[in-house]
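From a predicted model like this one, the values you see are computed outputs, not experimental measurements. Computed over heavy atoms, backbone and side chain alike; hydrogens, waters and symmetry mates excluded.
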Amino acid sequence: MFLKELSKKSCITITYYQNGLLQTCKGHVYNLDLQLQTLFVKNDQKKSCTIRLADIKEIH
């Protein structure tokens with residue numbers, strides 16, 4: 001269900017777990033690798049963030 005949100009071109013905010021801590025990443029999705037089940041997000045400062053799909057808690 002959240003794949004529909006990921007296909008939008010607008011800026012999204014993802015809340016996810018990383019090493020047991022709750023993290024937040026805001027930006028645009030630039031790649032979705034379903035084989036590795038990872039999501040790549042770039043923020044406005046062009047920093048990239050790699051998130052495993054299983055670790056995602058919420059998408060705004």
*For Asn43 and Lys26, work out which heavy atoms get closest and say how close.*
CB-O, 3.2 Å
*For Val41 and Cys25, which heavy atoms make the closest approach, and how far apart are they?*
CG1-SG, 3.9 Å
_Residue from Leu32, Val29, Asp33 passing side-chain contact (heavy atoms from CB on, under 4.5 Å) with Phe40_ = Asp33
From [atom1] ([X]) to [atom2] ([Y]), nearest 0.5 Å:
{"X": "Arg52", "Y": "Leu39", "atom1": "CZ", "atom2": "CG", "result": "12.5 Å"}
{"X": "Gln37", "Y": "Asp55", "atom1": "CD", "atom2": "CG", "result": "10.5 Å"}
{"X": "Gln18", "Y": "Thr50", "atom1": "CD", "atom2": "OG1", "result": "9.0 Å"}
{"X": "Glu58", "Y": "Leu22", "atom1": "CD", "atom2": "CG", "result": "9.0 Å"}

_Residues Leu34, Leu53; criterion side-chain contact (heavy atoms from CB on, under 4.5 Å); working and verdict_ = CA-CA 9 Å; Leu34 293 177; Leu53 295 179; 4.2 Å; yes
When you compare the side chain of [Y] with that of [X], does any pair of heavy atoms fall below 4.5 Å?
{"X": "His60", "Y": "Thr15", "value": "yes"}
{"X": "His28", "Y": "Lys42", "value": "no"}
{"X": "Ile14", "Y": "Ile51", "value": "yes"}

*asked:* When you measure from the centre of the six-membered ring of Tyr16, is the NZ or CZ of Lys57 closer than 6.0 Å and no more than 45° off the axis?
replied: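 Cation-pi check for Lys57 and Tyr16: fails.
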